[in-house]
Amino acid sequence: MTAFRSRRVVRPGGTRPADVVVQAGRIDAIEPFGSVSDPGLIDLGELALLPGLVDTHVHVDEPGRTSWEGFATATKAAAAGGVTTLIDMPLNCLPPTTTVESLAAKRAAAEPKIHVDVGFWGGAAGGDLGDLEKLHAGGVFGFKAFLSPSGVPEFGHLVGAALDETLAETARLGALCIVHAEAPEVIDAAPAAAGPTYARFLASRPPEVEHAAVARLIEAARRTSARVHVVHVSSAGVLPLIAAARSENVAITAETCPHYLFLTAADIADGDTSAKCCPPIREAANRDALWLGLASGVIDVVVSDHSPCPPELKTADFATAWGGVAGLQVGLPAVWTQAKQRGFGLTDVARWMSTGPAALAGLVAKGAIEIGRDADLVAFAPDAEFVVDAAQLHHRHANTPYAGRAMSGVVHATWLRGELVDGQAPRGQLLERRGDDAHVA
């Protein structure tokens, strides 16, 4: 048995003092503060005790592009940032996770290296629909699809009738389809990105790119009765579309990312392509509207979309630089910095970054400090301040738009099933979906 004591235990019903008792890796009891007598008691004092974060949008890139990122480095960064469970995206690795054979390769690459628990999305890239059923039976947590080119040639996007065909199949399987929603025809009609000027890149990806794609996805979900999820919402203009669709019983959810909630277009210097991502980081008024979307519940979760690459691919030209933000380790303080300024509490952040993503993926043992759940816990100093030093980040390349930026909230320690994650001995487990639950693979 192990017990954790904190004056700020963050639970779905609020934050209050408590003693949390752990037995065999699970939360066994939640007792009044100061009531547990145990020689192994971990007394956190004023440090907040949060549930481990669940990040359902991480590009680990291994196998095949391990020079970009890898399971050892990504999961060490995750644990240092309070993330105890991540679900790996099916692209940027080689081969992409579009067959059961490539899923097996993913698992083999990950198993001996992971410091946190890891599951996998399958890819719906316009290939053989029969592969979706095999991947579903193989335990993936759902399927990732693109409505515009993905950025890598081996992972196709859904053109024409392929969207309806794919959603009809995921609906038949009872699977979630998570969708990169940008409309290629709107991109083609916009001014082309060129050179180091961020304003020109932003104009190449106007809000209508997202609006048209989300509208298309909603209509396809309505026709097929599929369950869909919009990844990395950048433009707040899609939120009324999503809210209206929900009122009409379309099964649609949405996420946004720390970089959209923390940064604005004005923060990005010309040539600083560490902040290039698609869809792009937009203006301050749009950021404010995304926060309102979180407050209203139209945006369900906040996840990293950690998508790193070697520094040489982040050229100073926004047209040619790789699009992706590396920020897995600092997502929690990035969100908390803005959240507390806007009157939100740690309970809100835990709902967006732990409980919500766990529910999205069906991870019933994760996401909250509740009896019977895994003892995935984070000691967090919400009032501590620091400046991001990219050299102290554990992901493979020290290239991030958060470098040099002041933040609030420091992760002091992370426990996975009650065991301290020390960055030395990998103790993570592979997860797979089974029915409505997730189990160790």
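The model shown is predicted, which means the values in this text are computed figures rather than measured ones. Numbers here simply count residues along the sequence, with the first being 1.
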For D300, is there an ion pair with R246 - N to carboxylate O distance below 4.0 angstrom?
yes
Using only heavy-atom distances, determine whether the side chains of T337 and Q341 contain a donor-acceptor pair under 3.5 Å.
no
Does R342 have any side chain to side chain donor-acceptor pair (under 3.5 Å) partners at least two apart in sequence or in another chain, and if so, which?
D288, Q338
Closest heavy-atom contact between T224 and A171?
O-CB, 3.6 Å
Check L176 against W121 and note the closest heavy-atom contact, atom names and distance.
CD2-CH2, 4.0 Å
Can you tell whether the side chains of D376 and R417 come within less than 4.0 Å, N to carboxylate O?
no
Mutual orientation of the aromatic rings belonging to F318 and F201 [parallel < 30°, tilted 30-60°, perpendicular > 60°]:
parallel
Taking NZ, NE, NH1 and NH2 as the nitrogens, is one of them in R222 or E219 under 4.0 Å from a carboxylate oxygen of the other?
yes
For the residue pair G123 and L132, what are the closest heavy atoms and their distance?
O-CD2, 3.8 Å
L416 to T84 - nearest heavy-atom pair and separation:
CD1-O, 3.6 Å
Report the relative orientation of the aromatic rings in H57 and H232; use parallel for angles under 30°, tilted for 30 to 60°, perpendicular for over 60°.
tilted
With sequence neighbours left out, the residues meeting side chain to side chain donor-acceptor pair (under 3.5 Å) with T66 are none
When you check the side-chain N and O atoms of S148 and H157, is any donor under 3.5 Å from an acceptor?
no
Full working for side chain to side chain donor-acceptor pair (under 3.5 Å) between H180 and S150
CA-CA 8 Å; H180 181 123; S150 69; over 6 Å; no
Residues 325-332, side-chain donor-acceptor partners within the protein, below 3.5 Å, at least two apart:
residue, atom, partner, partner atom, Å
Q329, OE1, H394, N, 2.7

If you compare all heavy atoms of H259 against all heavy atoms of C277, which two are closest, and at what distance to 0.1 Å?
CD2-SG, 3.8 Å
Nearest heavy-atom neighbours spanning E169 and L129
OE2-O, 4.1 Å
State whether the side chain of S204 and the backbone N or O of P191 hold a donor-acceptor pair below 3.5 Å, judged by distance alone.
no
Between CH2 on residue W352 and OG1 on residue T347, distance to nearest 0.5 Å
10.5 Å
